[in-house]
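Along the sequence shown, residues are numbered consecutively beginning with 1.
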Amino acid sequence: MFADVLGMDSAFSNPGWAGFVLPSGPRDLVEVFSPEMTDERIAPAAFEAGVLLAFAVDDIIGARAELAVADVELLGDIVWARDLMGGDESNRWGWFFFRGPDDNIYVIQQDGLPPPE
């Protein structure tokens, strides 16, 4: 639907998980998960339905430490894309999940793309 109806370009496609580039830039994505997605590194078991909103940060390790000090409920460890999908150390994409004060689940994500020119 995103590609055909909305004309969005595919950023990536995996079984049960795909991403599409928003017109605002290559770092702005819509990611879609199928109900069959059971890899908790991609979508945690605590997330049952709805929208996963991601916040982009430059320092994911520091952001996670700040949330831990604030006693926010962290859901799992940082997931590094290079460990999950392969690649070398230049792949700096990483993410982790937390439960917000509204009881929704959110994502903190470190952008692994090179800086825009």
Side-chain angles (χ1 to χ4, degrees):
M1 173 178 129
F2 287 93
D4 298 334
V5 176
L6 299 176
M8 298 173 78
D9 292 330
S10 175
F12 62 86
S13 180
N14 298 299
W17 175 37
F20 301 89
V21 179
L22 291 168
S24 53
R27 291 172 156 74
D28 301 335
L29 304 172
V30 170
E31 296 182 55
V32 181
F33 304 93
S34 76
E36 294 80 34
M37 172 54 71
T38 59
D39 188 333
E40 291 186 32
R41 298 168 299 176
I42 306 293
F47 175 73
E48 295 176 359
V51 176
L52 275 173
L53 181 63
F55 297 94
V57 298
D58 292 327
D59 176 11
I60 195 167
I61 295 170
R64 190 173 193 283
E66 286 182 38
L67 290 177
V69 167
D71 210 24
V72 170
E73 181 184 355
L74 302 172
L75 305 172
D77 295 320
I78 296 173
V79 177
W80 295 103
R82 66 178 169 258
D83 297 337
L84 184 63
M85 295 173 265
D88 61 26
E89 290 300 311
S90 67
N91 183 349
R92 298 182 318 107
W93 282 97
W95 59 88
F96 69 89
F97 304 94
F98 70 96
R99 187 176 306 278
D102 60 358
D103 207 38
N104 287 314
I105 295 176
Y106 296 94
V107 184
I108 297 289
Q109 179 174 301
Q110 178 174 292
D111 181 337
L113 296 176
E117 295 181 19

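- The ring-ring contact (aromatic ring centres under 6.0 Å, His included) pairs that include a residue from residues 59-79 number zero, where partners must be two or more places apart or lie in different chains.
- F96 meets the ring pair (Phe, Tyr, Trp, His ring centres under 6.0 Å) test with no other residue; sequence neighbours excluded.
- A donor-acceptor pair under 3.5 Å is formed between the side chain of Q110 and the backbone N or O of I60.
- Atoms CH2 and CD1, on W95 and I108 in that order, are 14.0 Å from each other to the nearest 0.5 Å.
- Among residues two or more places apart in sequence or in another chain, the side-chain contact (heavy atoms from CB on, under 4.5 Å) test is passed with A68 by L74.
- Under the rule for a salt bridge (Lys or Arg N to Asp or Glu O under 4.0 Å), the partners of D103 that lie at least two apart in sequence or sit in another chain are R99.
- Legend: residues meeting side-chain hydrogen bond (donor to acceptor under 3.5 Å, both in side chains) with D59, ordered by chain and number and at least two apart, are absent.
- D77 meets the side-chain contact (heavy atoms from CB on, under 4.5 Å) test with R64; sequence neighbours excluded.
- Minimum heavy-atom separation, W80 to W93: CE3-O, 3.4 Å.
- Cluster membership for L75 and V69, using ILVMFWY side-chain heavy atoms within less than 4.5 angstrom, is not shared.
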